Amino acid sequence: MKMLINVPERVVTDALRGMALAHPELVVDVENQVVVRRDAPVAGKVSLVSGGGSGHEPMHAGFVGRGMLDGACPGEVFTSPVPDQAVRAASATDSGAGVLFIVKNYTGDVLNFDMARELAEDEGVQAARVLVEDDVAVTDSLYTAGRRGTGGTLFVEKLAGAAAEEGAPLERVEAVARQVAGACRSYGVALSACSTPAKGGPTFDLPPGELELGIGIHGEPGRERRPMMTSGEIAEVTVDALLEDWGGSPPTHPVLALVNGMGGTPLLELYGFNAEVQRVLAARGVAVARTLVGNYVTSLDMAGCSVTLCEADDELVRLWDAPVNTAALRWGC
Amino acid sequence: MKMLINVPERVVTDALRGMALAHPELVVDVENQVVVRRDAPVAGKVSLVSGGGSGHEPMHAGFVGRGMLDGACPGEVFTSPVPDQAVRAASATDSGAGVLFIVKNYTGDVLNFDMARELAEDEGVQAARVLVEDDVAVTDSLYTAGRRGTGGTLFVEKLAGAAAEEGAPLERVEAVARQVAGACRSYGVALSACSTPAKGGPTFDLPPGELELGIGIHGEPGRERRPMMTSGEIAEVTVDALLEDWGGSPPTHPVLALVNGMGGTPLLELYGFNAEVQRVLAARGVAVARTLVGNYVTSLDMAGCSVTLCEADDELVRLWDAPVNTAALRWGC
Amino acid sequence: MAELDTGFFVRWLTAAAAAVEREADTLTELDSAIGDADHGVNMRRGFTAVTAALAEKPPASPGAALGLAGRTLVSKVGGASGPLYGTLLRRTGRELGDAATVSREDLARALGVGVEAVAALGGAAEGDKTMLDALLPAVRALPRSFAAARQAASEGAVATVPMRARRGRASYLGDRSIGHEDPGAASSLLLVSALEQTAGRGDG
Amino acid sequence: MAELDTGFFVRWLTAAAAAVEREADTLTELDSAIGDADHGVNMRRGFTAVTAALAEKPPASPGAALGLAGRTLVSKVGGASGPLYGTLLRRTGRELGDAATVSREDLARALGVGVEAVAALGGAAEGDKTMLDALLPAVRALPRSFAAARQAASEGAVATVPMRARRGRASYLGDRSIGHEDPGAASSLLLVSALEQTAGRGDG
Ligand SMILES: Nc1ncnc2c1ncn2[C@@H]1O[C@H](COP(=O)(O)OP(=O)(O)O)[C@@H](O)[C@H]1O
Ligand SMILES: Nc1ncnc2c1ncn2[C@@H]1O[C@H](COP(=O)(O)OP(=O)(O)O)[C@@H](O)[C@H]1O
Ligand SMILES: [Mg+2]
Ligand SMILES: [Mg+2]
Ligand SMILES: [Mg+2]
Ligand SMILES: [Mg+2]
């Protein structure tokens, strides 16, 4: 598998150097792998810090900026960051109003961020944590590490970020984040495995005529293989998996929909897939308030897609529409 | 090659349906394959219309909006649009101030847009045309169809779009477009071929250990094959190909730089590649005013990258920084 | 020699559509080697629309049949081949005027004008490895017989294999375009073969 | 039985680093089957840093050696294995205090506490198909001999093959995790083998 890299060991630091050069509005500490807003800490504002393994770009560093994250700490590819990184991001962005860590529910992320939180509090930073666990493909939470955090992370970061930008105190920002995390559900499908720089090839074998349902975002295989389906059929399986998790009846409020590419699927196909997703949502009686289509929570070069629905009351829709100014998500400002 | 599609024949219309559902700020005529700004025609404003084969998303429909294009007409995959589409886009967006067609230099695009221009003028629309031919990989213009239009198109659309938004008359918008077209140079590299829906597999064979230099954006092979190189080496070959075309000495003014992904290369790698490109530019004495990194002018799922440099005086930098509000490019508003 | 009536032209275009349908994958395969892998799809989309248009508004003359087909190709195909084949048929049709029947010689003359229009529009000459390399010899041979035209188109298409492309997408490949048959020349051969085949069925 | 001094612990960690370096690709390969294909890379990054840290600030006691190694893993590895192995070594080191030498029994006792801390942190139990399935049997066998510990770790690692994962990334696979060795159990075996090897060289 050919990659546009120098050496596998330097992929993340090379990317951070390149990001710094493209985004003067960010402060990038390449050595320590921390990205923060240039205007951080913002006086009186609660800071939002997230991070995780690299390979999901633009998440998280691409979501740093006004109205979303204050800091991000990218780990090595598909490897959660070490506690030091998260502590640095927290210290660099805390205005005294406290820090909310947004953590995707993976064993590594949880353990490292928990250590970070302890260390940050030792340094006098008031730190809260919200867990994103939106992946409905993980049904059996008792006998697994629990639901994975995937596309829902974007909604938690955007909506809690908007609340923080408006000056909400830590408890309120945390409450919004928790509400959003609870309101999100995701389901992903792979048409191909991704290749990590370290392995130099696909992380799993997916035969030509098959797809993988219920995948995560770390190149890990999913739970079920099926013969290849059309875009419309994939939309049906996906939406139905999401709605089943809502208890069979559609969400009461309209949803914010993220039709997300895993990285290797052309935008042309993603837009076409969105048409099918919206068709199925309409047929199932789900109202859609806002739709975002693109590669936001990716898995390197994996071909495939995921759908995240976030049930949103008027207040959440308002927070979605609020200005955001980051490398990857930008509107209203 | 697995794709997230229904049937190959409907890929473009499916995508347009999905785009309409994600972007209420656009008017999408799915049947006739035309996308225009909702507020078109904007009184007194020169209209910019572009188009070309699909498969390069987000270009062009993703560049429709305030400060960039007024209309776009996507053809079938890698097939230039038919004259009717361009005429419709022109008629729907012309406020009476005239229309500028921005055409990439491919035989098909040139022929179809020329027919469109005649037809539009028959309908009383004042129509000018600017040709983008920025691909320095095509060296022998006499014995070829001439230089291809690639990444430079983004700069022409953005900068002429900003001038039009400010109320410049057709001659001035056309002059800006022509200046920008002349100031842009691009060079592309493929690590893999792309797969078109119609063919269902890769459009050319690229062996595991090789890359293809000087590729176009239509899945056509390039001019030279070399053993696989590192990101740093690719940056050197690419930047040197561009500078050689400047006559050996670096551009006098700073450049706007587009470090563009062909679609299948992860953003993580693109940012790392940007670091190398900027290193080589600095070493060659080229000042960089602005940098944009991402998948903007793509070739479906092709892995690879291209670099476009646009030599920019203060006025062009100002036009670059001017507000733009489209699906794919958005800032300042 | 029998005169060619409107029915002949409709049957020719229908046979051409069938040939394009049958060979679409081959054309795309050829275009994949030195182009962008869409020629078969483009031609199929165009000729399917031509068949539909002919059925919907049956033309009143040979010239009208070609004109309708040409306009349909222009408005359905796109790419390089749409305007080029569209121009070929429109211009040829215009030359035939509204005569109810035409001779093979009339057709050869009109096609000559059509092919010249293609050359003017695309700026290509014989030897540039394009559809012209099949069309021009075919038109020159047509006054002799339909079979001679088909034979000439066939040789012309084969002759594109060793050529270095100088027009169209294949030209970007430089020397690497050598060794492949030009897809447009191959589709032109299909059109000329359909013409011979239609004539052989008793009208030529 | 010989007491184990600081030098022994430094040699153990160095031997472990060498084993991880040698087997990194295998560990990644195992993680690729049921995880995210990074376990070898993670362990190599961590143990390379451990070797460097030990060389830079030579530890004063067995406990200090393990503490330094554990802190280094926490701050260099990330992922699940970083905090888990880091906790294992830090907690074990803390149990050893600052004694200049320790017996095999002391080490077994301290490692027992370290492994319990891993279980508490990660919430996993024996049979969940994790590193614990190699570590727990090894610690239980260590009072008998280094060789018995290595043997137990080896059997423990092999025993993970038919297990269904209930913790860590592999758990997402459900039944499809069955039939593969757990990468963390494999790396734990490397650490215990390095311990036996170090002891065999005359210190055990
Ligand atoms: N300038 C030209 N003059 C004549 N024929 C041309 C020219 N450019 C391209 N062609 C013909 O068009 C064919 C390609 O058609 P097609 O693949 O449908 O269009 P595109 O190149 O736009 O994808 C070529 O094989 C060639 O025969
Ligand atoms: N909760 C847990 N308790 C104990 N060990 C665990 C737990 N979760 C994962 N592991 C171990 O960690 C190993 C994976 O480590 P590694 O691949 O480096 O981290 P990650 O899973 O974050 O990519 C697994 O093979 C397993 O042995
Ligand atoms: Mg990992
Ligand atoms: Mg084409
Ligand atoms: Mg073609
Ligand atoms: Mg792993």
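Per chain, numbering begins at 1; letters A, B, ... match sequence-line order. The model shown is predicted, which means the values in this text are computed figures rather than measured ones.
For chain A, the nearby parts of B/L206 are the backbone and the side chain; heavy atoms of each come within less than 4.5 Å. Within the 4.5 angstrom heavy-atom criterion, only side-chain atoms of B/M228, from C-beta onward, approach chain A. Of the atoms belonging to B/C194, not a single heavy atom falls under 4.5 Å from chain A. Only the backbone of B/P208 comes within contact range of chain A, with heavy atoms under 4.5 Å apart. With a 4.5 angstrom heavy-atom cutoff, B/A22 touches chain A via backbone and side-chain atoms both. Contact of A/L191 with chain B is made through backbone and side chain together, with heavy-atom distances under 4.5 Å. If you measure heavy-atom distances from A/P58 to chain B, the contacts under 4.5 Å come from both the backbone and the side chain. With a threshold of 4.5 angstrom between heavy atoms, B/V77 approaches chain A through side-chain atoms but not through N, CA, C or O.
Taking every heavy atom of both residues into account, B/L21 and A/A275 meet most closely at CD1-CA, 4.0 Å. Here the closest non-hydrogen pair linking B/A15 and A/L268 is CB-O, 3.4 Å.
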N/O donor-acceptor pairs between chain A and chain B, cut-off 3.5 Å:
unit_1, atom_1, unit_2, atom_2, d
A/K2, NZ, B/L191, O, 2.8
A/K2, NZ, B/P207, O, 3.0
A/K2, NZ, B/E210, O, 2.8
A/L4, N, B/E269, OE1, 2.8
A/I5, O, B/S231, N, 2.9
A/N6, OD1, B/G232, N, 2.9
A/N6, ND2, B/E276, OE2, 2.9
A/R17, NH2, B/E276, OE2, 3.1
A/G18, O, B/N274, ND2, 2.8
A/H23, NE2, B/Y271, OH, 3.0
A/L191, O, B/K2, NZ, 2.8
A/P207, O, B/K2, NZ, 3.0
A/E210, O, B/K2, NZ, 2.8
A/S231, N, B/I5, O, 2.9
A/G232, N, B/N6, OD1, 2.9
A/E269, OE1, B/L4, N, 2.9
A/Y271, OH, B/H23, NE2, 2.9
A/N274, ND2, B/G18, O, 2.8
A/E276, OE2, B/N6, ND2, 2.9
A/E276, OE2, B/R17, NH2, 3.1
A/R330, O, B/R330, NH1, 3.1
A/R330, NH1, B/R330, O, 3.0
A/C333, N, B/C333, O, 3.4
A/C333, O, B/C333, N, 3.3

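Atoms CE and CG, on B/M229 and A/L4 in that order, are 10.5 Å from each other to the nearest 0.5 Å.
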